[in-house]
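Okay, structure first, notes after.
In what follows, chains are A, B, ... by sequence order, proteins preceding strands, each numbered from 1. The shown structure was predicted, so the numbers you read here are calculated from the model rather than taken from an experiment.
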There are 2 protein chains.
Amino acid sequence: MKKRQILETAGDLFTRFGIRRVTIEEVCAKANVSKGTFYKHFSNKNDLVMALLNMIMEGAMAEYRNIMAGTLPFKDKVKRMIRMKMERTGGMSREFLMDIIESGPPEAVAYYKEQAAATIAAITGDFIAAQQRGDIRRTIKPEFILYFFNHMIEMVQDPKLDELYATPGEMINELTNFFFYGVMPEEGYSSEFQHGDAEKEEHADHA
Amino acid sequence: MKKRQILETAGDLFTRFGIRRVTIEEVCAKANVSKGTFYKHFSNKNDLVMALLNMIMEGAMAEYRNIMAGTLPFKDKVKRMIRMKMERTGGMSREFLMDIIESGPPEAVAYYKEQAAATIAAITGDFIAAQQRGDIRRTIKPEFILYFFNHMIEMVQDPKLDELYATPGEMINELTNFFFYGVMPEEGYSSEFQHGDAEKEEHADHA
DNA sequence: TATATTTTATACGAAATTCGTCAAATGAAA
DNA sequence: TTTCATTTGACGAATTTCGTATAAAATATA
């Protein structure tokens with residue numbers, strides 16, 4: 001029962017301030033738990049981060065499935081998905097994600113990518129089905145969607161792409177933004193993003 | 001010109017994460033300034049905090065005077081004041097204030113109290129004038145308003161009052177809330193605060 | 001009650017971070 | 001050129017944080 005307290009307060013502090021700014025002792029103090037009991041439940045800070053990340057990713061996946069299982073029109077589902085992905089990066093704050101990707105433990109980064117890939121796979125399936133129903137632009141090749149998702153993880157690790165952005169988080173945002181906003185047929189969500197000329201390029205296949 | 005960059009980014013980071021969570025080197029990095037230039041403009045972290053605190057307090061005071069100088073009805077002015085004081089605690093974030101009061105340098109705490117007292121004095125004058133114009137409840141004694149403000153700083157330092165709250169910040173909120181909401185004749189802003197029985201007490205004079 | 005388990009409080013050395021200073025190098029302006 | 005502001009990198013000192021260990025206190029269980 002103390003474990004839950006620790007997870008909750010740690011989640012709160014991590015989402016508000018990021019990981020590196022929050023101390024184990026701080027978590028213990030705010031959770032009204034002694035340091036001894038903390039190390040009885042978690043071997044170290046990374047362990048805590050992993051547990052939290054796991055909870056969050058599973059929660060995000062559950063929320064996603066919940067949205068897609070509803071009766072809303074597809075466009076509204078996508079809107080909700082986008083909002084979910086944007087506001088919190090799928091359940092976790094910017095600071096949290098940043099800390100994990102930029103300075104977090106490699107295991108956490110790996111796990112995040114793995115889970116992100118799984119989510120992406122699920123999304124891909126849903127989008128293909130949606131296209132078959134005519135809910136998204138028909139002129140986009142399903143192969144491209146597959147290609148895009150299949151290579152998204154690699155793209156994240158590609159130095160060529162990486163050097164275009166100040167932080168990995170920026171790049172990830174750009175990729176997800178591109179997917180959602182570049183895929184939708186109409187109703188630009190504009191303002192926050194600048195679109196390049198999308199006429200000439202169609203299916204970059206040189207990778 | 002580098003000094004301004006430092007102050008801006010420091011203000012941003014401090015209001016988002018508080019003081020103790022932010023590193024000098026972090027400020028330098030995000031402000032695109034080397035550590036050397038930082039220490040050319042500020043002798044240390046406390047110095048930076050003081051400069052920032054000074055800016056913020058003066059800004060808050062200026063904003064206050066700006067509100068009061070307008071042509072709005074008094075009640076609306078007070079509403080705006082309250083919103084200003086509430087959302088940001090007079091220009092600075094919760095985290096910032098907390099860090100200053102709970103773990104900040106004594107000079108900063110002293111300065112804050114001093115400035116707060118000055119603000120309070122200005123507010124007192126405005127409220128007395130308002131009462132004379134009939135804009136606030138006439139049944140409240142002007143002496144009480146004066147008493148309340150004159151002793152507000154002392155109350156903050158009074159252990160008797162202090163032990164009633166988890167953090168000093170809470171107490172300060174309570175005091176300011178009491179003043180504004182207890183003073184207004186009608187239109188309860190309710191919800192966020194629980195009111196005690198205000199009928200029996202009228203002018204506690206035992207201090 | 002007695003006993004076992006959990007939690008707390010505290011101290012501690014080791015590791016890591018942060019601080020503040022400095023010297024050498026860069027670059028722009030007078 | 002000289003001057004001045006800035007950057008870079010390194011450095012030891014100070015501080016913080018980590019993770020462990022211990023005994024006392026609290027809580028549960030028999």
Side-chain angles (χ1 to χ4, degrees), chain A residues 1-53 95-96 98-109 163 166-167, chain B residues 1-53 95-96 98-109 163 166-167:
Chain A
M1 76 291 260
K2 291 287 180 181
K3 189 169 184 176
R4 176 163 297 281
Q5 293 178 23
I6 295 174
L7 282 170
E8 283 176 3
T9 56
D12 172 46
L13 291 172
F14 285 165
T15 51
R16 275 172 46 204
F17 305 118
I19 298 172
R20 73 181 185 283
R21 307 185 127 92
V22 177
T23 296
I24 300 246
E25 286 173 350
E26 191 184 357
V27 173
C28 293
K30 196 157 192 177
N32 292 322
V33 158
S34 74
K35 202 162 30 161
T37 46
F38 173 87
Y39 283 102
K40 191 148 294 177
H41 292 294
F42 305 95
S43 61
N44 51 32
K45 196 174 183 178
N46 285 355
D47 193 22
L48 171 63
V49 170
M50 288 299 290
L52 222 37
L53 189 55
E95 312 300 340
F96 196 14
M98 292 292 182
D99 271 15
I100 285 180
I101 293 186
E102 291 177 358
S103 62
E107 10 160 10
V109 180
E163 67 187 4
T167 69
Chain B
M1 76 291 253
K2 291 288 181 181
K3 190 170 184 177
R4 174 163 299 280
Q5 291 179 25
I6 295 173
L7 283 170
E8 283 176 4
T9 54
D12 172 46
L13 291 173
F14 284 164
T15 52
R16 274 170 52 200
F17 305 118
I19 298 172
R20 71 182 186 284
R21 308 184 126 94
V22 177
T23 296
I24 300 254
E25 285 173 351
E26 192 184 357
V27 172
C28 293
K30 197 158 191 179
N32 293 321
V33 158
S34 75
K35 205 167 16 166
T37 43
F38 174 87
Y39 283 102
K40 192 147 294 178
H41 291 295
F42 305 94
S43 61
N44 51 32
K45 197 175 183 178
N46 286 354
D47 193 21
L48 171 63
V49 170
M50 288 299 291
L52 221 38
L53 190 56
E95 310 301 340
F96 195 13
M98 292 292 184
D99 271 15
I100 285 181
I101 291 186
E102 290 177 358
S103 63
E107 12 159 7
V109 180
E163 68 187 2
T167 68

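By the 4.5 Å heavy-atom criterion applied to side chains, B/Ile19 and B/Lys45 are counted as neighbours. Between A/Gln5 and A/Lys2 there is a side-chain heavy-atom pair separated by less than 4.5 Å. When side chains are defined from C-beta on, B/Glu26 counts as touching A/Arg20, because their heavy atoms get closer than 4.5 Å. No side-chain heavy atom of B/His41 sits less than 4.5 Å from a side-chain heavy atom of B/Val33.
Taking atom CG of B/Asp47 as the reference point, atom C1' of C/dG20 lies 13 Å away to the nearest angstrom. Here the C1' atom of nucleotide D/dC18 and the CD1 atom of A/Ile19 are 16 Å apart, to the nearest Å. Rounded to whole angstrom, the span from the CZ atom of A/Phe38 across to the C1' atom of D/dT20 amounts to 14 Å. Nucleotide D/dT16 holds its P atom 12 Å from the CZ atom of B/Arg20, rounded to whole Å. The nearest whole Å value for the distance from the CZ atom in B/Arg21 to the C1' atom in C/dT18 is 16 Å. Rounded to a whole Å, the NE2 atom of B/His41 is 9 Å from the C1' atom of D/dT6. In this structure, CD1 of B/Ile6 is placed 14 Å from P of C/dG20, rounded to the nearest angstrom. At whole-Å resolution of the value, NZ in A/Lys45 and C1' in D/dT16 are 12 Å apart.
Expressed to the nearest 0.5 Å, how far CG of B/Leu52 lies from CD of B/Glu8 amounts to 10.5 Å. The distance from the CZ atom of B/Phe14 to the CG atom of B/Asp99 is 9.0 Å, given to the nearest 0.5 Å. One distance of note links CD1 of A/Ile6 with OG1 of A/Thr37; it measures 5.5 Å at 0.5 Å rounding. Distance CG/B/Leu13 to CZ/B/Phe96: 11.0 Å, rounded to 0.5 Å.
Nearest approach of A/Ala108 to A/Leu53, heavy atoms of both residues: O-CD2, 3.6 Å. Across A/Asp47 and A/Asn44, no two heavy atoms sit closer than the pair N-OD1, 2.9 Å.
Side chain of B/Lys40, nearest nucleotide from D/dT6, D/dT20, C/dT8: D/dT6.
The shortest distance between the side-chain N/O atoms of B/Thr37 and the OP1/OP2 oxygens of D/dT7 is below 4.0 Å. Dashed line: the shortest gap from a side-chain N or O of A/Lys2 to OP1 or OP2 of C/dT8 is under 4.0 Å.
Of the residues in residues 23-34 of chain B, those lying under 4.0 Å from DNA chain D by heavy-atom distance are B/Asn32, B/Val33, B/Ser34.
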- Message: Generate the contact string for nucleotides 22-30 of chain D. Rules: B means base contact, S means sugar-phosphate contact only, - means no protein heavy atom under 4.0 Å.
- Response: ---------
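The overall bend of the helix from C/dT1-D/dA30 to C/dA30-D/dT1, read as the angle between its terminal helix axes built from five base pairs each, is 30° when rounded to 10 degrees.
Among A/Leu7, A/Ile24, A/Val49, the single residue meeting the side chain to side chain contact (heavy atoms under 4.5 Å, CB included) criterion with A/Phe42 is A/Leu7.
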